[in-house]
*Asks:* 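Quick one: the structure is below, and I'll ask about it shortly.
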Number of protein chains: 2
Amino acid sequence: MPQQELLPGTLDLLVLKTLTRGPLHGYGIAQYLLEHSGQLLQVGEGSLYPALQRLLVNGWTEAEWKLTETGRRARVYKLTAAGRKRLKEEEREFERMVGAIQSILKTV
Amino acid sequence: MPQQELLPGTLDLLVLKTLTRGPLHGYGIAQYLLEHSGQLLQVGEGSLYPALQRLLVNGWTEAEWKLTETGRRARVYKLTAAGRKRLKEEEREFERMVGAIQSILKTV
DNA sequence: ATCGATACATCGATAGACGATGCCTCAGCA
DNA sequence: TGCTGAGGCATCGTCTATCGATGTATCGAT
């Protein structure tokens, strides 16, 4: 059984939250999530880039091509006001769901 | 935006957990989850019955046709030993994932 | 020269959730 | 008598998301 790298449906939330720390590019987002989750949240590229597209299309983020300090081109994403609003909603919804599930799990 | 009824990937976990309280049929499982989650976990039939099939096929549950007190036929599901083991794994994995996500969410 | 890390993106397969639909029984009520 | 709603099963098609594989390219270090 291949263990999943992610809880399905939570990736947009994670990306949006990461971007509250400041504009960042895709690779950096994946790194941030990996490092700040004890290596648990391993976002594959095949999941990440489609997610970044979703966020763009929905207007939750804006993108700009830039050069990193190391001289590589990178597409830097920035939260929009709508994105911040969306983040709040997704956070609330996530906590609601987790709370509901845990209330089931904790019953003896 | 249609709000989701379930956190994807958590349905098997919820069903397995529900069955630790004793054998139960599909309809009863859906009711239990609804009632014990403050009406939050609304499992649709199009999600539930495929899930019950999965659990059966994997040997996590056993099924038996019975009659309810009201005289209707019902397929009653019961946890197997393997199902109990599986439940423990899924519980651990869920808490791990939620912990990781919340550690991202709580950073300022 | 090659290799690993950085950086983008797409494609196809798989899986899961969901709404709609269909079939059946029983109890209650008009 | 006939209808309706609740209890019960199940499947089908659609949609969406995750994921592994693949492909391109640059840069620094060996």
Side-chain angles (χ1 to χ4, degrees), chain A residues 1-16 23-35 40-58 61 63-77 90 93-94 97 100-101, chain B residues 1-16 23-35 40-58 61 63-77 90 93-94 97 100-101:
Chain A
M1 275 290 101
Q3 68 181 55
Q4 66 198 19
E5 319 289 355
L6 235 46
L7 251 195
T10 62
L11 182 51
D12 293 13
L13 169 63
L14 289 168
V15 171
L16 289 174
L24 199 52
H25 54 282
Y27 195 88
I29 293 171
Q31 273 198 323
Y32 176 84
L33 290 176
L34 191 60
E35 289 168 13
L40 229 70
L41 299 175
Q42 300 179 259
V43 189
E45 302 179 310
S47 308
L48 180 60
Y49 289 108
L52 289 172
Q53 283 304 318
R54 286 197 298 269
L55 300 180
L56 256 188
V57 167
N58 286 306
T61 60
E64 199 183 345
W65 285 99
K66 292 205 175 170
L67 288 182
T68 63
E69 316 84 47
T70 56
R72 289 189 195 80
R73 64 170 194 140
R75 201 171 185 187
V76 173
Y77 296 87
E90 288 213 28
E93 184 60 16
F94 175 76
M97 278 299 158
I101 294 172
Chain B
M1 275 291 101
Q3 67 181 56
Q4 65 197 19
E5 321 287 354
L6 236 45
L7 251 196
T10 62
L11 181 52
D12 293 12
L13 169 63
L14 289 168
V15 172
L16 288 175
L24 199 52
H25 54 282
Y27 195 88
I29 294 172
Q31 274 197 322
Y32 176 83
L33 290 176
L34 191 60
E35 288 169 13
L40 229 69
L41 299 175
Q42 302 179 259
V43 189
E45 302 179 310
S47 309
L48 181 60
Y49 289 107
L52 289 172
Q53 283 303 317
R54 286 197 297 269
L55 300 180
L56 256 188
V57 167
N58 285 307
T61 61
E64 200 183 345
W65 286 100
K66 293 205 172 167
L67 287 183
T68 63
E69 318 83 48
T70 56
R72 290 190 195 81
R73 65 172 191 135
R75 201 170 185 188
V76 173
Y77 296 87
E90 289 211 30
E93 184 61 16
F94 176 75
M97 278 299 158
I101 293 172

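Naming convention: chains lettered A, B, ... in sequence-line order (proteins, then strands); numbering from 1 in each chain.
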*Asks:* Please determine if a side-chain N or O atom of B:Ser47 lies less than 4.0 Å away from the OP1 or OP2 oxygen of C:dC18.
*Replies:* yes

*Asks:* With side chains defined as the heavy atoms from C-beta onward, is the minimum distance between A:Leu7 and A:Thr10 less than 4.5 Å?
*Replies:* yes

*Asks:* Scan B:Leu11, B:Leu33, B:Leu40 and name whichever one has a side-chain contact (heavy atoms from CB on, under 4.5 Å) with B:Leu6.
*Replies:* B:Leu11

*Asks:* What pair of heavy atoms forms the shortest contact from A:His25 to A:Thr68, and how long is it?
*Replies:* CE1-CG2, 4.5 Å

*Asks:* Counting just side-chain N and O atoms, does A:Gln31 come under 4.0 Å of either OP1 or OP2 of C:dT6?
*Replies:* yes

*Asks:* Taking 4.0 Å as the cut-off, does a side-chain nitrogen or oxygen of B:Thr68 come that near to OP1 or OP2 on D:dG7?
*Replies:* no

*Asks:* Heavy atoms only: give me the nearest B:Pro50-B:Ser47 pair and the separation to one decimal.
*Replies:* CD-O, 3.6 Å

*Asks:* With a 3.5 Å cut-off and just heavy-atom distances, do the side chain of A:Glu5 and the base of D:dC19 make a donor-acceptor pair?
*Replies:* no

*Asks:* Measure the distance from CG on A:Leu13 to P on D:dA17 and round it to the nearest whole Å.
*Replies:* 14 Å

*Asks:* Look at all strands and tell whether B:Gly9 reaches a base, only sugar-phosphate, or nothing, counting heavy atoms closer than 4.0 Å.
*Replies:* sugar-phosphate

*Asks:* State whether the distance check finds a donor on one side and an acceptor on the other, under 3.5 Å, for side chain B:Glu45 versus base D:dA10.
*Replies:* yes

*Asks:* With respect to A:Ile29, which candidate in A:Leu34, A:Leu52, A:Leu14 satisfies the side-chain contact (heavy atoms from CB on, under 4.5 Å) definition?
*Replies:* A:Leu52

*Asks:* Would you mind pulling out the nucleotide paired to D:dT30, Watson-Crick or G-U wobble, both distances under 3.5 Å?
*Replies:* C:dA1

*Asks:* Report which part of the nucleic acid B:Gly44 touches: base, sugar-phosphate, or nothing (heavy-atom distance under 4.0 Å, all strands).
*Replies:* nothing

*Asks:* For B:Gln53 and A:Asp12, find the nucleotide of DNA chain D closest to each by heavy atoms; which residue's nucleotide sits nearer the 5' end?
*Replies:* B:Gln53

*Asks:* Would you indicate what A:Gly26 reaches in the nucleic acid, counting non-hydrogen atoms under 4.0 angstrom: base, sugar-phosphate, or nothing?
*Replies:* sugar-phosphate

*Asks:* Could you list all N or O pairs between the protein and nucleotides 24-29 of chain C that sit under 3.5 Å apart?
*Replies:*
residue, atom, partner, partner atom, Å
C:dT25, O2, B:Arg72, NE, 3.1
C:dC26, O2, B:Arg72, NH2, 3.4

*Asks:* If I take atom CG in residue B:Leu52 and atom C1' in nucleotide D:dT11, what distance separates them, rounded to the nearest angstrom?
*Replies:* 14 Å

